[in-house]
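Input: a single structure, listed below in structure tokens.
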Amino acid sequence: MVPLNLDALNPAQREAVTAGDGPILILAGAGSGKTRVLTYRIAYLLSEQKLAAEELLAVTFTNKAAAEMRERLQTLLGPQASRLWISTFHSACARILRQDIERLGYRRNFTVYDESDAASTLSRAIEAANLPGAPNLGAIRVRIDQAKNEGLTPQDLAASEGPNDAVIADIYRLYQQRLHELNAVDFGDLLLLTHQLFQSHPEVLRRWRERFNYLLVDEYQDTNRVQYLLLRALAAGKDNICVVGDEDQSIYRWRGADIRNILEFERDFPAARIFKLEQNYRSTKTILAAAHTLIVHNTERKEKELWTNNESGDPITAFTGNTERDEADFIGREIARLCRESYKPADVVVFYRTNAQSRVIEEALVRRRIPYYVVGGLRFYDQREIKDLLAYLRVISNSADALSLTRLIGTPPRGIGARSIEAMEELAAREGMTLFDAMGRAESESSIALRISRQITALHEWLRDLIARASTMTVRAILEEVIDSSGFLKYLEGLIDGTARRESVSELLSAADIFDADFGGPGGLGDFLERVSLISDADQVSAKGGSVALMTLHTCKGLEYPVVFVAGMEEELFPHSRAQGPGELEEERRLLYVGMTRARRLLYLTNALSRELFGRRQESRPSRFLAEIDPGLIRRAALAPRNEPIRMPSTEPYIDYSESQIAHETNGELAVGARVEHPTFGAGVVRRREGRGEGAKAWVHFDRAGTKLLMLKFAKLRLIAQ
DNA sequence: AGCAACCGTGTTTTT
DNA sequence: CACGGTTGCT
């Protein structure tokens with residue numbers, strides 16, 4: 001192995017990388033080379049301190065960050081990098097539980113439920129319990145989730161004194177019981193059950209503690225209480241723990257992140273050494289200064305100021321539109337202008353506070369034919385047909401998963417309705433068997449019509465047979481068999497948007513292909529399902545396609561772009577109306593701080609005077625955050641006069657990014673069959689397309705106005721549906 | 001049992 | 001406004 005070359009590091013970074021054993025806190029400001037330090041530290045520990053790859057556990061915030069770190073280490077270290085545990089907290093816990101969860105009474109093939117699975121399980125548990133006067137579902141969910149993030153069991157919650165905590169503790173207990181019956185865990189359980197495992201089985205903890213001689217944690221400011229407890233437990237004795245973070249970038253408090261973890265690290269680990277990285281390599285002096293004038297309005301922080309050798313750069317641009325559409329149009333116009341100069345669409349990102357804001361921005365970009373992609377919002381694996389198919393896979397992997405089984409029975413429709421399922425549930429409860437096993441006895445149930453019970457038996461036998469063979473099959477093969485024998489495709493064809501749904505099915509098939517290739521053969525179903533459950537929005541970010549990126553501010557952590565727009569800088573929206581408490585306000589401010597510091601060269605902050613919010617048009621006041629930034633650093637773009645008509649795309653030169661343009665079209669944008677809306681002609685369907693690029697035209701058949709030939713360059717068409 | 005149309009409801013951010 | 005859930009009809 002080549003000796004590690006540390007020349008690429010500045011003195012502060014080098015010190016942190018080469019520090020010896022014991023607790024280390026690296027306070028790394030935005031753009032200060034945090035990831036670089038972390039990867040070099042790992043490389044240093046392996047190549048200079050001669051640790052084995054197996055002795056390290058590195059925890060990141062997203063799978064994508066983990067993958068990137070692994071990749072960088074591959075180039076620094078070579079193949080041994082692939083033996084490192086680099087993963088998110090949730091994935092690491094899932095992996096630990098796969099080995100040892102039997103001690104908690106679950107089976108190793110447990111299913112990981114996503115939020116909506118968990119919600120319906122909870123809802124059914126409440127229903128079954130028949131509790132009068134219970135608070136509403138949402139509040140209960142939030143409270144249980146919080147409890148799990150704090151490491152609290154139902155008993156612990158019962159002893160705490162929040163309003164309704166006693167009632168909620170009962171529901172929490174029932175919910176856990178139900179999950180246990182289904183051999184399923186939710187996101188919070190991954191952490192909490194691992195914690196409980198360590199508490200109740202010291203020999204297991206000892207084993208893992210002996211294995212991991214060194215812990216590294218990225219984004220430490222966003223860890224919650226259980227994660228902290230897990231780290232304490234694993235580090236105990238050696239205290240070889242190195243955490244990296246920046247309290248100014250803590251933006252997940254609402255999800256249980258406890259900023260005290262980082263603020264009190266020195267108290268928790270008295271031997272801690274602290275390294276500060278304050279040189280920023282990313283942004284211009286102006287952007288950094290503006291971000292600083294904003295963040296000093298927070299009180300819950302350690303004073304520090306980033307500095308940079310980069311040039312001063314341009315002032316920050318502020319723009320105020322009359323409406324959100326006006327604002328979006330400015331963004332589109334400005335991106336078009338930048339792209340005529342020295343930038344590409346992929347250099348640009350638009351951030352917003354809420355997912356709902358993306359729509360009007362998308363429309364503006366479509367009008368200018370600027371290629372873009374939206375990160376987050378509707379996730380691929382949340383689409384109905386995908387969840388339907390995953391229900392099959394889950395039942396095959398874990399037949400106790402009655403939630404997925406119920407879903408499977410209903411799609412495609414087989415004539416087995418709620419009444420029959422209820423009858424089987426009763427049977428199952430009576431005999432102490434699973435719903436799946438009850439299916440095998442359906443024909444002996446007098447309350448189920450013979451016609452239906454035969455259906456049930458057939459389905460049961462088919463599933464049993466598939467389960468028996470699944471361990472020798474690839475995920476792709478299982479999926480294909482499910483799709484072929486269940487009549488799933490025929491069912492999709494019958495749906496209105498069947499074509500789009502079939503496309504996502506084939507996307508799922510290729511995801512399975514890729515997984516099978518990675519996994520190296522059959523038997524990987526459980527791993528596939530786990531990976532799918534733990535995938536996050538941020539994992540999907542990619543510069544592929546040369547497109548402008550659109551995402552919420554929460555998704556933007558760890559990214560950087562030459563040009564950044566932050567849209568919707570308005571009171572009620574940002575800071576959000578639901579985040580008005582003092583602590584929450586500081587978090588909103590940090591959120592903007594994180595967004596601003598993603599920018600390398602140009603930063604735009606935009607707002608609108610009136611906006612459609614929650615279905616109503618409302619006056620909107622500029623965000624207080626705008627006033628907190630030093631006005632000397634801001635240049636105001638001309639305010640559009642009231643009622644000025646929105647500029648037609650025809651006034652803008654067409655930008656041709658043919659490669660990404662094609663990607664856009666194959667995504668189905670204005671494909672034949674697409675349903676669109678025209679400002680004067682109303683709704684219609686694209687019948688035929690002619691030409692491409694500048695001269696592209698389309699025949700559109702309008703419901704009321706008949707068929708028209710439109711130049712896409714001019715027509716203000718809005719896509720309604722595929 | 002299954003579908004379509006209706007109504008009402010709840011709208012931040014997400015591993 | 002978009003979704004889920006419910007109702008009522010076939």
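All chains are named by letter (A, B, ...) in the order of the sequence lines, taking the proteins before the strands, and each is independently numbered beginning at 1. Worth knowing before you read on, the calculation uses all heavy atoms, side chains too, and leaves out hydrogens, waters and symmetry mates.
In this structure, CG of A/Leu573 is placed 9 Å from C1' of B/dT12, rounded to the nearest angstrom. Rounded to an integer number of Å, the gap from A/Glu219 CD to B/dT15 P is 13 Å. In this entry the distance linking CD1 of A/Ile251 with P of B/dT12 reads 17 Å, nearest Å. Whole-Å rounding puts the A/Leu585 CG to B/dT13 C1' distance at 15 Å. Distance CH2 (A/Trp254) to C1' (B/dT14): 4 Å, rounded to an integer number of Å. A/Gln618 places its CD atom 16 Å from the P atom of B/dT11, with the value rounded to the nearest Å. Going from atom CZ of A/Arg141 over to atom P of B/dT12 covers 12 Å, rounded to whole Å. If you measure from atom NZ of A/Lys148 to atom P of B/dT14, you get 21 Å, rounded to the nearest angstrom.
When the side-chain nitrogen and oxygen atoms of A/Asn355 are compared with OP1 and OP2 of B/dT12, none of them lie within a distance under 4.0 Å. For A/Thr223, no side-chain nitrogen or oxygen approaches OP1 or OP2 of B/dT15 to under 4.0 Å. Residue A/Thr555 places at least one side-chain N or O under 4.0 Å from the OP1 or OP2 atom of B/dT14. Not one side-chain nitrogen or oxygen of A/Ser91 sits closer than 4.0 Å to the OP1 or OP2 atom of B/dT15. Phosphate proximity of B/dT12 to A/Arg578: present, with a side-chain N or O under 4.0 Å from OP1 or OP2.
Residues forming a ring pair (Phe, Tyr, Trp, His ring centres under 6.0 Å) with A/Phe528 (at least two apart in sequence, or on another chain): A/Phe515.
No hydrogens or angles were tested; on distance alone, a donor-acceptor pair under 3.5 Å links the side chain of A/His554 to the base of B/dT13.
Taking the P atom of each, B/dT13 and C/dG4 are spaced 15 Å apart, rounded to whole Å.
Figure legend: cation-pi geometry between A/Arg407 and A/Tyr392 absent, as NZ or CZ is not positioned both under 6.0 Å from the six-membered ring centre and within 45° of its axis.
Of the candidates B/dT15, B/dT12, B/dA1, B/dT15 carries the atom nearest the A/Glu115 side chain, counting heavy atoms from C-beta on. With distances taken from any side-chain atom of A/Arg359 to the nucleotides C/dA2, B/dA1, B/dT14, the minimum falls on C/dA2. Closest to the side chain of A/Glu612, from the set B/dT13, C/dC1, B/dT11, is C/dC1. For A/Tyr252, whose side chain is taken as the heavy atoms from C-beta onward, the closest listed nucleotide among B/dC3, B/dT15, B/dT14 is B/dT14. Closest to the A/His576 side chain, of the nucleotides B/dT14, B/dC3, B/dT12, is B/dT12.
Using a 4.0 Å heavy-atom cutoff across all strands shown, A/Ser123 reaches no nucleic acid atom at all. Counting non-hydrogen atoms under 4.0 angstrom, A/Arg414 reaches the backbone sugars and phosphates but no base. The residue A/Ile452 sits close only to the backbone: its heavy atoms come under 4.0 Å of sugar-phosphate atoms, none of a base. When heavy atoms are screened at a 4.0 angstrom cut-off, A/Phe89 is found touching no nucleic acid atom at all.
Using bins of under 30°, 30° to 60° and over 60° for the plane-to-plane angle, the ring pair A/Trp85/A/Trp208 lands in the tilted bin. Taking the six-membered ring where tryptophan is involved, the planes of A/Tyr604 and A/Phe565 are essentially parallel, since the angle between them stays under 30° and well short of 60°.
Checked against the 6.0 Å centroid threshold, A/Trp254 and A/His576 do not count as a close aromatic pair.
Within a 6.0 Å sphere centred on CZ of A/Arg617, heavy atoms belonging to other residues, nucleotides or ligands number more than 12.
When each of A/Phe187 and A/Glu588 is assigned the nucleotide of DNA chain B with its nearest heavy atom, A/Glu588 is the one assigned upstream, toward the 5' end. Comparing A/Gly417 and A/Phe61 along DNA chain B, the residue whose closest nucleotide (by nearest heavy atom) sits nearer the 5' end is A/Gly417.
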